[in-house]
Amino acid sequence: PQLGLESSDRKVAAEAQKQALATPGSGGTVRWDNPRTGRTGEVRLGPRYQVNKTECRALTHSVTSKDMPVPVIARSTTCADDKGIWRPIS
């Protein structure tokens with residue numbers, strides 16, 4: 001999800017998502033901060049589940065900034081391909 005972010009925000013958020021997906025367990029939250037734009041956010045993971053023998057997870061991204069104190073939220077689903085690389089499906 002882009003959530004109206006600048007490219008530097010997307011890069012920091014993508015790294016947080018990658019870190020969250022690499023963490024074992026059923027859920028968790030990874031926070032991120034981009035001092036360049038003043039935006040902060042977090043990636044929350046839902047539990048792992050199987051779809052046709054493929055491992056999937058629900059993701060919730062939330063973003064705030066000084067201009068946007070109420071979080072903007074986007075939800076998506078990602079599944080691991082046959083090489084274990086997480087790919088968004090929604």
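Treat the numbers as computed from the prediction; the structure is a model and nothing was measured.
- Exactly one of Asp9, Asn34, Asp67 qualifies for a side-chain hydrogen bond (donor to acceptor under 3.5 Å, both in side chains) with Arg39. That residue is Asp9.
- Under a hydrophobic clustering in which Ile, Leu, Val, Met, Phe, Trp and Tyr are joined whenever their side-chain heavy atoms come within less than 4.5 Å, directly or via other members, Val30 and Val72 fall into different clusters.
- Rounding to the nearest 0.5 Å places SG of Cys79 at 11.5 Å from CZ of Arg48.
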Audit row: Val63, Thr40, side chain to side chain contact (heavy atoms under 4.5 Å, CB included) steps and yes/no: CA-CA 6 Å; Val63 177; Thr40 61; over 6 Å; no

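- The backbone N or O of Gln50 lies less than 3.5 Å from no partner atom in the side chain of Thr54, so there is not a single donor-acceptor pair.
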Derivation of the side chain to side chain contact (heavy atoms under 4.5 Å, CB included) call for Arg57 and Thr77: CA-CA 6 Å; Arg57 309 239 12 211; Thr77 301; over 6 Å; no

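- For the residue pair Gln17 / His61, a side-chain donor-acceptor distance below 3.5 Å is found, with atom types taken as modelled.
- The shortest side-chain heavy-atom distance between Leu21 and Thr78 falls under the 4.5 Å cut-off.
- Between Trp32 and Ala16, the closest heavy-atom pair is CD1-CB, 3.9 Å.
- Between Ala20 and Val43, the closest heavy-atom pair is CB-CG1, 4.3 Å.
- Here OG of Ser62 is found 9.5 Å from CZ of Arg75. Values are rounded to the nearest 0.5 Å.
- Distance check, rounded to the nearest 0.5 Å: NZ of Lys53 to CG of Asp82 gives 14.0 Å.
- Closest approach of Thr64 to Pro71, counting heavy atoms only: CG2-CA, 3.5 Å.
- No side-chain heavy atom of Ser65 sits under 4.5 Å from any side-chain heavy atom of Thr37.
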Residues Leu59, Leu45; criterion side chain to side chain contact (heavy atoms under 4.5 Å, CB included); working and verdict: CA-CA 5 Å; Leu59 299 167; Leu45 292 178; 2.7 Å; yes

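- Side chains of Arg44 and Thr29: no donor on one and acceptor on the other come within 3.5 Å.
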Residues Glu55, Trp86; criterion side chain to side chain contact (heavy atoms under 4.5 Å, CB included); working and verdict: CA-CA 9 Å; Glu55 185 176 0; Trp86 292 95; 3.9 Å; yes

